[in-house]
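Working notes, beginning with the structure itself.
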2 protein chains.
Amino acid sequence: MDYAGTVKVRIKEVAIAAGVSTATVSKVLSGRADYQVHAETAERVRRVAYELGYVPDVAARNLRTRQTGQLGVVLEAVGPSEPDSLLTGVAVSDAVRRTFDGAIMAGLSEAARELEVPALVVYPSGQLDARTLLDGRVDGLLVSCDPLRGHGLLHGLRSPPVPVVALWTQRAPEGIGMVDVNHAQGAGIAVHHLVELGHTRIAFYGGGVRSGVEHFARREQGYRSALEEAGLLPQSAIHDGPRLLQAVQGGVTAVFAETDLGAAAAFHALDSAGLSVPADVSLVGFDDIQGAEYIAGGLTTVYQPAAEMAAAGVRALLARLDGEAPQTALLRPRLIRRRSTAPVRVVSG
Amino acid sequence: MDYAGTVKVRIKEVAIAAGVSTATVSKVLSGRADYQVHAETAERVRRVAYELGYVPDVAARNLRTRQTGQLGVVLEAVGPSEPDSLLTGVAVSDAVRRTFDGAIMAGLSEAARELEVPALVVYPSGQLDARTLLDGRVDGLLVSCDPLRGHGLLHGLRSPPVPVVALWTQRAPEGIGMVDVNHAQGAGIAVHHLVELGHTRIAFYGGGVRSGVEHFARREQGYRSALEEAGLLPQSAIHDGPRLLQAVQGGVTAVFAETDLGAAAAFHALDSAGLSVPADVSLVGFDDIQGAEYIAGGLTTVYQPAAEMAAAGVRALLARLDGEAPQTALLRPRLIRRRSTAPVRVVSG
DNA sequence: CTGTTAGCGCGTTCAG
DNA sequence: CTGAACGCGCTAACAG
């Protein structure tokens, strides 16, 4: 179809062409069931509207109805660092973030389609303050947080003018809904996998609680709980190659790394020392980053359901717009089995 | 600041509080230079507006001005496959797309901030037809294409009601602006790197022209041109392990793979046959996917400037809104040197 | 079941 | 330099 030079058709022209009033056209096309219109009339209006290529003007509609149906999105990780970051200077792969944000966008986009959200409004990086939300562009806001940075934006959003749901955190201020991956549970799944393979001395590789990063802390806590539940002894977190090798010499046969990138580092340390994965040491990561299948010959890892999280966020926000109270939802991560884990070797001698 | 229960402030209240008319407030805040307002008055209005927390209502403004300042975004890869895909059934890692889309969003977001685009409107996957663009939600549209799928959407957008710029393709219909990575140039850069290392027998690994995929075709063409320019002989494209090994036995010392994932496959074939990278064979990929540093011990590859492409897209679209004609821009890819390439081994005997 | 009417909040004439 | 009046296109309320 060719719309070149097409003058926009307005509701009045549809009304005239269909021989009804503009109100009737509006009633039919807005589809509100509480307006009863003769089926034949409605059908005629719809046909005429379609033939004329009529599309309601959203600006006018939004002005009249005082809502847009649109949901706002902030990708917090995209954009300049915030000064309150606990990890300024830490080299985190941009690609990790981008994969994650891409998955988030995919999930949002898919959920928006299914739930008939007409459009998502993405605010430019670092652009948003609470005041901006007053401008009536969106009915609600989703914030995809970056756990490696502070939650500056979220804290500026206490008592925001529209409902807010935060993704990938469990530390939003009161009144803000949350959807996060259950990091502790994910760690538990990883540990459980290793225990099933017969490992009893399992190390945690990464900054964990000490890093100050919410997710890493939860992962270490999950590691501890899972080991204790299994009647095994947690080890203190290890964050460098030499200590990892020490631990292995001390009898550790499996390593749970708090991230896939950490697992890559652990593998490098082990490999350089002539230790084989998984023959000598089993290795599990967390994230399932792109390329995880090439780490350590195929890294067994815990997949974070980012797209599902985004979809859950959309549903949660829609529920809030429907009057429900803010809630916290935790999604179950999934173990991806590859080739970096194996049954513990029977100790000979 | 706490906006709980805050009633939205309207222009009239600002006017009253500042002791002027709404027209004056509008003139001051819209910042249009052709309206002369007493400096003191203007300053007072601005201060009062700020103190009252006044934010103009975008719906009303959009209705009045007939534009929004917003740019639409379609991530074509997100969403269900189209039937016209040439590669239905081909397993392409979702993660690759997501990284790419994430980078695109990051670039868009950053450019939007710099160029003061108030917001980006992301249309849900597979939701958009040309008609939807008539609804006045956006002043222009960016389409991030998926080269592995058809351009169904783009072709439905001939003569669209708003300017359109397509990303990651050079095959959009007439009238649509384009920004793409210069794939041929990227291939040339890769080949040039290998030639500099002394390689003279360089293979192309992947579907290339025969795949029917625009990007892969350009990359193979770029490979050919670069070799010819260097006075060397291009080989026909290889797309499986056994033939790759044959080629190596036949004297090939370097392989340019059309994608990083392809490079991983090539590496696997070589490695399984006991050939070492880069000692026996040098290997270059294309894309610089997340995890490329773990492929083949650190894959030398061609990085696609996705974020820059997105930013260029925003600029191109803004230029079109400014009255300029649609153009095509090609961005120069960059070589990422890692450890999978080395000087050619001097043949002994 | 359908039509008439009155704004939604703002930006822009055009008098003063 | 300022303010009153109008209308962007649509939908909610109400009258018929």
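Distances from the side chain of Arg61(B) to the nucleotides dC10(D), dG11(C), dA13(D) place dG11(C) closest. For Ile11(A), counting side-chain heavy atoms from C-beta on, the closest listed nucleotide (dT11(D), dT2(C), dT2(D)) is dT11(D). For Lys27(A), counting side-chain heavy atoms from C-beta on, the closest listed nucleotide (dG9(C), dT2(C), dA12(D)) is dT2(C). Taking only side-chain atoms of Ala60(B), from C-beta outward, the nucleotide of dG9(C), dG3(D), dA13(D) with the closest atom is dG9(C). For Ser21(A), the listed nucleotide lying nearest its side chain is dT4(C); candidates were dG11(C), dG3(D), dT4(C). For Ala23(A), the side-chain atoms get nearest to dT4(C) when compared with the rest of dC8(C), dG7(D), dT4(C).
Atom NZ in Lys12(B) sits about 13 Å away from atom C1' in dC8(C), given to the nearest Å. With rounding to whole Å, Lys8(B) atom NZ is found 8 Å from dG9(C) atom P. Note: CD (Glu40(A)) to P (dC1(C)) measures 12 Å, nearest angstrom. When the P atom of dG9(D) is taken as reference, atom CG of Asp135(B) falls 14 Å away, rounded to whole Å. Distance, Asp57(A) CG to dG9(C) C1': 15 Å, rounded to whole Å. Following rounding to the nearest Å, Glu13(B) (CD) and dG9(C) (P) show an atom-to-atom distance of 10 Å. In this structure, Gln67(B) atom CD and dG11(C) atom C1' are separated by 12 Å, rounded to whole Å. Protein atom CG of Leu52(B) is 16 Å distant from nucleotide atom P of dG9(C), rounded to whole Å.
In this structure, Thr65(A) does not reach the dT11(D) phosphate: none of its side-chain N or O atoms is under 4.0 Å from OP1 or OP2. Within the 4.0 Å cut-off from OP1 or OP2 of dC10(D), at least one side-chain nitrogen or oxygen of Tyr54(A) is found. Between Arg66(B) and dG9(D) there is a side-chain polar atom (N or O) within less than 4.0 angstrom of OP1 or OP2.
Leu133(B) has its side chain within reach of Leu141(B): a pair of non-hydrogen atoms, C-beta onward, lies under 4.5 Å apart. Val73(A) is listed as a side-chain neighbour of Leu108(A), based on a closest heavy-atom distance under 4.5 Å.
Side-chain contact annotation: Arg320(A) with Gln327(A), donor-acceptor N/O pair under 3.5 Å absent. The closest side-chain donor-acceptor pair between Thr169(A) and Glu214(A) falls under 3.5 angstrom. Checking Asp135(B) against Thr132(B) by side-chain atom types alone, no donor-acceptor pair falls below 3.5 Å. For Asp139(A) and Thr68(A), the side-chain atoms include at least one donor-acceptor pair closer than 3.5 Å.
Residue contacts shown for Leu63(B) include a base, since a base heavy atom lies under 4.0 Å away. Counting any heavy atom pair closer than 4.0 Å across all strands shown, Thr41(B) reaches sugar-phosphate atoms only and no base atom.
Looking at which nucleotide of DNA chain D each of Ala39(B) and Ser26(A) is closest to, the 5′-most match is held by Ala39(B). Taking the nucleotide of DNA chain C with the nearest heavy atom to each of Ala42(A) and Arg10(B), the more 5' of the two is matched to Ala42(A).
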